[in-house]
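Working notes, beginning with the structure itself.
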Amino acid sequence: MSAKKKLIVANWKMNLNIHEASVFVHQLAQTIAVHRDVEVVLAPTLLALQSISLQVDRRQFKLAAQNFYWRDFGAFTGEVSAAQLRGLVDYVLVGHSERRHVFHEHAKDIRSKVQAALRSDLKPILCIGETAHERSLGETNGVIHDQLLAGLANVTSEEFHNVVIAYEPVWAIGTGNNATPKDVEKAIQTIRRQIEHLYGKTAAENVRVLYGGSVKSDSAATYLATTGVDGLLVGGASLNQHEFTTIVEAAHHARENN
Ligand code: 13P
């Protein structure tokens with residue numbers, strides 16, 4: 001299999017105002033080296049995307065939107081569409097657990113968003129993962145199966161090349177409860193098995209699958225060395241210059257592990 005670039009995504013969530021985000025990007029630009037084998041993506045607040053897009057060197061940082069609405073244009077007060085984000089960002093997060101659980105986005109919304117992203121030539125990072133309750137009931141594989149099936153319905157094989165999957169167990173997000181490498185490996189195996197079923201063996205090998213959930217500088221290398229992991233989706237630790245820089249360096253030093 002050809003070597004895949006590691007993908008490290010910083011999800012700043014609802015943190016940093018426009019000015020703070022700009023200062024932080026400036027700081028990160030000083031310490032994060034450009035490596036040919038690592039793609040670094042920043043997902044700041046929507047408000048800061050425009051100014052940061054003018055500030056960054058796209059060889060160093062690509063941009064992602066944390067959210068958008070699935071219709072392209074129209075009377076949807078307060079919303080921003082993928083069509084409006086086109087050209088500004090390369091990636092969009094879809095199905096993040098906070099969107100699912102705090103904002104009650106359903107499978108139907110998530111499916112529509114994946115399609116809207118692809119329609120506007122943006123790469124969706126489809127986030128999936130079970131809650132603590134689902135895990136305690138032994139439903140992890142079932143949740144992964146359902147969320148993949150729902151999110152990818154109507155996505156063609158050709159479009160699927162542009163999809164990234166992020167496995168983020170809800171119980172590991174922002175809690176400091178680390179999933180073990182074994183948990184992650186098993187979940188990602190389940191993901192690739194299902195992708196193989198839907199799109200074939202080559203697609204299953206080639207799709208980039210990220211892990212997210214309480215990743216820190218001291219755990220990044222372990223996750224990156226875990227079979228099947230192509231990168232990381234980082235929340236809290238991506239707001240700290242030293243932490244995030246160390247995580248990107250860990251990706252550069254990680255070996256191909258599929
Ligand atoms: P934490 O890294 O803060 O657990 O957040 C993970 C996450 O939700 C990234 O999208």
Side-chain angles (χ1 to χ4, degrees), residues 6-16 20-21 24 28 32 38-46 48-49 61-68 89-105 110 113-114 117 122-132 134-135 140 143-144 147-148 151 163-181 183-184 187-188 191 208-224 226 229-251:
K6 298 287 179 203
L7 180 58
I8 304 295
V9 184
N11 178 9
W12 294 350
K13 308 192 180 182
M14 200 174 70
N15 294 295
L16 308 180
E20 289 163 344
F24 189 46
L28 288 177
I32 293 191
V38 185
E39 190 173 352
V40 181
V41 178
L42 307 178
T45 165
L46 189 63
L49 276 176
F61 299 123
K62 300 221 163 39
L63 297 179
Q66 296 175 19
N67 187 35
F68 59 99
V89 299
D90 298 283
Y91 292 89
V92 285
L93 299 184
V94 180
H96 191 279
S97 85
E98 287 143 23
R99 301 299 320 169
R100 292 180 194 262
H101 299 290
V102 183
F103 299 100
H104 309 292
E105 281 186 13
I110 292 161
K113 285 183 170 197
V114 169
L122 304 177
K123 297 185 175 79
I125 301 174
L126 175 62
C127 305
I128 60 173
E130 79 287 2
T131 62
E134 289 161 341
R135 177 178 157 84
T140 300
V143 171
I144 288 173
Q147 291 184 348
L148 278 179
V163 175
V164 176
I165 310 289
Y167 173 60
E168 293 208 303
V170 179
W171 50 271
I173 296 178
T175 57
N177 287 336
N178 285 77
T180 66
D183 289 330
V184 175
I188 292 184
I191 292 170
R208 287 177 298 173
V209 183
L210 315 182
Y211 169 71
S214 296
V215 174
K216 302 281 179 276
S217 60
D218 57 5
S219 58
T222 305
Y223 288 123
L224 287 161
T226 299
V229 174
D230 298 310
L232 302 169
L233 179 48
V234 187
S238 73
L239 290 161
N240 177 296
Q241 183 183 7
H242 173 72
E243 281 282 305
F244 192 61
T245 302
T246 308
I247 290 170
V248 172
E249 279 308 299

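Both counts, for ligands and for their atoms, begin at 1 and track the order of listing. Position 1 is the first residue of the sequence; numbering continues from there.
Listed for the T131 side chain is no donor-acceptor partner under 3.5 Å among the backbone atoms of V170. No donor-acceptor pair under 3.5 Å is formed between the side chain of S217 and the backbone N or O of E243.
Residue contact check: G174 has heavy atoms under 4.0 Å from atoms 1 (P), 3 (O), 4 (O) of ligand 1. For ligand 1, the atoms closer than 4.0 angstrom to any heavy atom of S214 are 1 (P), 2 (O), 4 (O). The L233 neighbourhood of ligand 1 comprises atoms 9 (C), 10 (O), with distances under 4.0 Å to a heavy atom of that residue.
For E130 and W171, the side-chain atoms include at least one donor-acceptor pair closer than 3.5 Å. For the residue pair Q66 and H96, no side-chain donor N or O sits within less than 3.5 Å of a side-chain acceptor on the partner.
Distance from atom 5 (O) of ligand 1 to its nearest protein heavy atom, with residue and atom name: K13 NZ, 3.2 Å. At the shortest separation from atom 3 (O) of ligand 1 among protein heavy atoms lies G236 N, 2.8 Å. In terms of protein heavy-atom proximity, atom 6 (C) of ligand 1 is nearest to E168 OE2, 3.6 Å. Counting protein heavy atoms only, atom 10 (O) of ligand 1 is closest to H96 NE2, 2.8 Å. Here the heavy atom of the protein found nearest to atom 2 (O) of ligand 1 is G235 N, 2.9 Å.
Residues L224 and L232 are in side-chain contact: their nearest non-hydrogen atoms beyond the backbone lie under 4.5 Å apart.
Not a single heavy atom of A237 sits under 4.0 Å from any atom of ligand 1.
Only the side chain of N11 comes within contact range of ligand 1, with a heavy atom under 4.0 Å; no backbone atom does.
Under a 4.0 Å N-O distance rule, the pair E39/R208 qualifies as a salt bridge.
We find the CG-CD1 distance between L93 and I125 to be 5.0 Å, quoted to the nearest 0.5 Å.
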